[in-house]
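As a basis for the values below, the full set of heavy atoms in this structure was taken, side chains included, without hydrogen atoms, waters or symmetry mates. Being a predicted model, the structure only gives us computed values, none of them experimental. Every chain is numbered from 1, with letters handed out A, B, ... down the list of sequences.
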2 protein chains.
Amino acid sequence: MTGDTRQTIMDAARATVQARGYNALSFREIAKDVGIKSASIHYHFPTKGDLGAALAKRYTDDAMAYFDSLLDQDLDLETRFARYVAVFRAALANDNRMCLYGVMAAEYGDLPDHVRTEVDAFSAANVGWLVKALGPAHPDLDDTALRDRALAVFAAIEGAQLVARGRGDIGVFDTTIAAYRAAGFMP
Amino acid sequence: MTGDTRQTIMDAARATVQARGYNALSFREIAKDVGIKSASIHYHFPTKGDLGAALAKRYTDDAMAYFDSLLDQDLDLETRFARYVAVFRAALANDNRMCLYGVMAAEYGDLPDHVRTEVDAFSAANVGWLVKALGPAHPDLDDTALRDRALAVFAAIEGAQLVARGRGDIGVFDTTIAAYRAAGFMP
DNA sequence: ACCTGAACACCGTTCAAGT
DNA sequence: ACCTGAACACCGTTCAAGT
């Protein structure tokens, strides 16, 4: 079935990037996982950058499809936001992996341009979503202030994930999110 | 003078890691910068992990020496904290580089054990410092709550840096820190 | 004490060749 | 349409050899 190998390659690659980083991703290693030769991967993704960009794009699309479904459902603000945060927590719960975005943002300096574009798209999409999700709770903030708040909430969640991963302790993520909430910074 | 080459190697390596990541660091590239052969680097640092661990340790020592000097000086809380944040901002101002800690935390899954130990030490030292610096502003918080708050502030700053680097825009860092402050989350 | 060249098994990439 | 083996310039690491 056409496209199948392509998906299998991407699945193997995504797991490795989230666990060990984009630079640690090896075509020969993916090839072993998938059961083809490393040269064959170049048929599906001419360069490593093409694979990285496709990875980031699919990651954003999948995440946003789920996040948008949370907006469609009739949920109260706390529940909706908790489910959003749970997605970032799930990466850590899965063998101390990290959000694909966070890994790639840290490796930004070594990323080809078209991968950077996809990395930017993830953060922009998340900020856009947070503006919609948090808006009702902040009638006091104007558009700019609300957007800045959404950006800050996104950054804070990414930071919680980064520090928790650096400690190898998901409890650090939970404690940090709880402290954000206790300070009244997020719902 | 003994130790000189060792320092030169570390200087070149640190700049590369902060710009492009630990995995992007190449012994042959450092060798060219320093003016020796790549095999010679192994005389000073037997493995890449030894170099990474030494890098992280020196980074923590240097940062903490400066941070502790901020505690000794007679500064008000806002000024002291602003100088702390300025250190993380400076990395971005320097060619969109990132805090060595943030880069390494993101690449945690691919790090040898003794490098992880040094990465952990940086976050622990920063949280300890923040407990001292923020304590006077939070007489209401008990020891545990204050430590959680310090951890959250550290995570939030790292997150601001990560997202700003991912956008390639230092303005995102400034906006995010300003939003944290506007929300009353940090001084 | 410090450096080097040569070798090893790795890496992404290219390309002519297979089916 | 999809895969492969062989070659290229890279990588960290080892080691015998130089000064």
Seminar exercise, completed: Heavy-atom contacts, protein to nucleotides 14-19 of chain D, under 4.0 Å, summarised as B (base), S (sugar-phosphate only) or - (none) per nt, yield B-----

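Note: CZ (B/Phe45) to P (D/dG12) measures 14 Å, nearest angstrom. Atom pair B/Lys48:NZ and D/dC11:P shows a separation of 10 Å (rounding to whole Å applied). The CG-P distance, from B/Asn23 to C/dC10, rounds to 17 Å in whole Å. For A/Ile30 and C/dT13, the CD1 to P distance is 11 Å, given to the nearest whole Å. Atom-to-atom, NZ of B/Lys37 to P of D/dG12 comes out at 15 Å; the value is rounded to the nearest Å. At whole-Å resolution of the value, CG in B/Asp4 and P in C/dA1 are 17 Å apart. A/His44 has its NE2 atom 6 Å from the P atom of D/dC2, to the nearest Å. Protein atom CZ of B/Phe27 is 23 Å distant from nucleotide atom P of D/dA9, rounded to whole Å.
Within 4.0 Å (heavy atoms only), A/Ser40 reaches at least one base atom of the nucleic acid. Contacts of B/Leu25 with the nucleic acid, taken as non-hydrogen atoms under 4.0 Å apart, involve only primed sugar atoms and P, OP1 or OP2.
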Considering only distance and modelled atom types, tabulate donor-acceptor pairs under 3.5 Å from the side chains of residues 28-35 of chain B, sequence neighbours left out.
| unit_1 | atom_1 | unit_2 | atom_2 | d |
| --- | --- | --- | --- | --- |
| B/Glu29 | OE2 | B/Arg20 | NH1 | 3.1 |

Please report, to 0.1 Å, the donor-acceptor pairs under 3.5 Å made by any side chain of residues 91-100 of chain A, with sequence neighbours excluded.
| unit_1 | atom_1 | unit_2 | atom_2 | d |
| --- | --- | --- | --- | --- |
| A/Asn96 | ND2 | A/Arg165 | O | 3.4 |
| A/Arg97 | NE | A/Ala15 | O | 3.0 |
| A/Arg97 | NH1 | A/Asn94 | O | 3.4 |

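Just one residue in the list B/Leu162, B/Val85, B/Thr176 forms a side chain to side chain contact (heavy atoms under 4.5 Å, CB included) with B/Ile157, and that residue is B/Val85. Across A/Phe81, A/Phe67, A/Tyr101, a single residue satisfies ring-ring contact (aromatic ring centres under 6.0 Å, His included) together with A/Phe154, and that is A/Tyr101.
A/Thr79 and A/Asp76 form a side-chain donor-acceptor contact under 3.5 Å, judged by distance and modelled atom types alone. A donor and an acceptor atom, one from each side chain of B/His114 and B/Asp50, are located under 3.5 Å apart.
Geometrically, B/Arg14 does not engage B/Tyr59 in a cation-pi contact defined by less than 6.0 Å to the ring centre and at most 45° from the axis. A cation-pi contact, defined as under 6.0 Å to the ring centre and within 45° of the axis, links A/Lys48 to A/Tyr22.
Closest approach of B/Val127 to B/Arg147, counting heavy atoms only: CG1-NH1, 3.8 Å.
Projected onto DNA chain D by closest heavy-atom contact, A/Arg28 and A/Ile36 fall at different nucleotides, the more 5' of which corresponds to A/Ile36.
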Exercise. Reading DNA chain C 5' to 3', what string of ( ), [ ], | and . shows its pairs, if Watson-Crick and G-U wobble pairs count only when both distances fall under 3.5 Å?
Worked result: ||.|||||...|||||.||

For this session: Walk me through it: do A/Tyr84 and A/Trp129 pass the test ring pair (Phe, Tyr, Trp, His ring centres under 6.0 Å)?
Result: CA-CA 10 Å; A/Tyr84 176 77; A/Trp129 187 88; 4.6 Å; yes

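Near DNA chain C, defined here as any heavy-atom distance below 4.0 Å, there are no residues from residues 49-58 of chain A.
Taking only side-chain nitrogens and oxygens, B/Thr5 comes nearer than 4.0 Å to OP1 or OP2 of C/dC3. Side-chain nitrogen and oxygen atoms of A/Tyr43 include none within less than 4.0 Å of the OP1 or OP2 phosphate oxygen of D/dC3.
Residues passing the side-chain hydrogen bond (donor to acceptor under 3.5 Å, both in side chains) test with B/His138: none are found, sequence neighbours excluded.
Between the NE2 atom in A/His44 and the CG atom in A/Leu51 there is a gap of 11.0 Å [rounded to 0.5 Å].
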